[in-house]
Amino acid sequence: MKTLLQKLIQAESTPEKGELAAAEVVLESFRQSGIESHIDAWEQNRANVIARVEGVSPSIRGQSLSRACRGDARDTGETQPGLLFACHLDVVSHGEATWTYPPFDAVETDGRIYGRGSTDMKGGTAAAITAIRRIVESNTPLKGDLIFVASAGEETDSCGAERFVSNYGPMPALAGVVIPEPTDFAVVTAHRGMLWLEVSTTGKTAHSSTPHLGVNAITSMHRFLNELDHYEMPIGPHELLGKCSMSVNTIEGGKALNVVPDKCRIGIDFRTLPNQDDQRTIDDLERIFAKLKSDDPHFEATISVIRQVQAMETDRHCDFIKALGAAVGIDKTSAIGFTTDGPSFAKLGAPVVIFGPGKPALCHKPDEYIDICDVGKASEHYKNIILRLLT
Ligand SMILES: [Zn+2]
């Protein structure tokens with residue numbers, strides 16, 4: 001498992017390099033245990049990797065699992081709902097900061113593996129693959145299908161998860177979806193969503209010695225930002241997730257010190273709550289534009305959506321969460337601050353849980369690492385979840 005994790009980190013699946021090399025590492029690992037698996041690749045280096053162990057209906061249980069895996073003894077009518085493990089292959093870039101150990105060397109020291117993606121989420125991915133391989137190697141017959149996907153683009157646009165959800169078929173009924181993202185072994189049933197908006201103001205250039213001949217786009221943005229300071233969120237706090245938040249995180253405008261700027265742009269990051277209507281937020285901001293324009297007809301602004309991820313909320317009292325909690329010996333559920341591919345997988349109609357090794361605080365930081373013992377512990381938990389739900 002440790003070697004598998006190291007190979008996954010060394011595959012360097014950044015946005016620049018794509019996921020294909022990491023997908024090949026996963027494929028090779030499953031094939032070593034004779035597990036049916038394939039890569040779905042596109043655009044040269046983008047890739048999802050998918051594996052499936054078919055469940056055996058009661059009528060043929062007792063026959064060899066490998067025969068069932070080949071599909072020649074399958075009786076779909078009688079198998080139970082399956083289980084999906086949904087990982088992501090991509091990592092964020094290693095950034096500008098200096099790392100103590102090279103970010104893609106997967107150096108092992110002091111019981112840890114250092115490297116970009118060790119926590120987010122190659123540790124959880126290696127643990128899930130290892131659990132599935134051990135189940136298959138032990139010839140344990142499963143009552144329902146066990147499916148694994150490691151997808152592309154979770155850190156950017158969830159393209160891999162969306163592709164899997166709309167293209168993969170036929171998908172069996174699922175008891176649930178487990179996302180092995182780093183929660184430090186908290187059973188997570190909710191996270192906020194994300195709405196990234198870009199607001200641009202436009203004006204008219206002029207020589208800065210005669211600013212009255214132009215329309216200053218930065219001044220327009222300043223007026224908009226003043227209004228935004230008083231903006232009230234369109235939704236009240238959620239019992240697990242707290243409030244919707246808003247932060248203006250980028251600003252760009254002006255070309256030269258002696259030119260009145262005709263363009264200014266800001267990026268706003270809203271972290272949204274379940275059932276929050278993103279369009280309402282956009283409409284609210286457009287109402288602010290209208291107010292500013294009625295004060296000054298030169299005011300011009302537009303808004304565009306850069307990224308949208310829905311919030312996720314699974315009923316924490318449902319049978320799947322209860323069974324999973326019993327399998328791992330944790331009865332408390334919680335929420336996390338970051339987003340995942342969970343909302344994409346929730347479209348499959350099954351409850352989604354996020355549960356994995358690694359400390360969320362290490363994600364996307366220099367010197368990201370994972371404790372090797374946590375990866376082993378996660379693998380045991382995943383094995384117990386599979387046994388609880390599929391045997
Ligand atoms: Zn992640």
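Remember, it's a predicted structure, so these values are computed and weren't measured experimentally. Order of appearance sets the numbers: ligands from 1, and atoms from 1 within every ligand. Any value given below was found using the heavy atoms of this structure, including those in side chains, with hydrogens, waters and symmetry copies removed.
Between the side chain of Ser208 and the main chain of Asn258, a donor-acceptor pair closer than 3.5 Å is present.
At a threshold of 2.8 Å, the Zn ion (ligand 1) has no backbone or side-chain N, O or S atom of Glu154 nearer than that distance. Residue side and main chain included, His88 places an N/O/S atom under 2.8 Å of the Zn ion (ligand 1).
With respect to the salt-bridge test (charged N to carboxylate O, under 4.0 angstrom), the residues Arg265 and Glu252 qualify.
Using the six-membered ring where Trp is involved, His94 and Phe104 have ring planes that are perpendicular, over 60° apart on the 30 and 60° scheme. Taking the six-membered ring where the residue is Trp, Phe289 and Phe299 present tilted rings, their angle falling between 30° and 60°.
For Glu181, the N, O or S atom with the smallest separation from the Zn ion (ligand 1) is OE1. When you scan the N, O or S atoms of Asp120 for the one nearest the Zn ion (ligand 1), you land on OD1.
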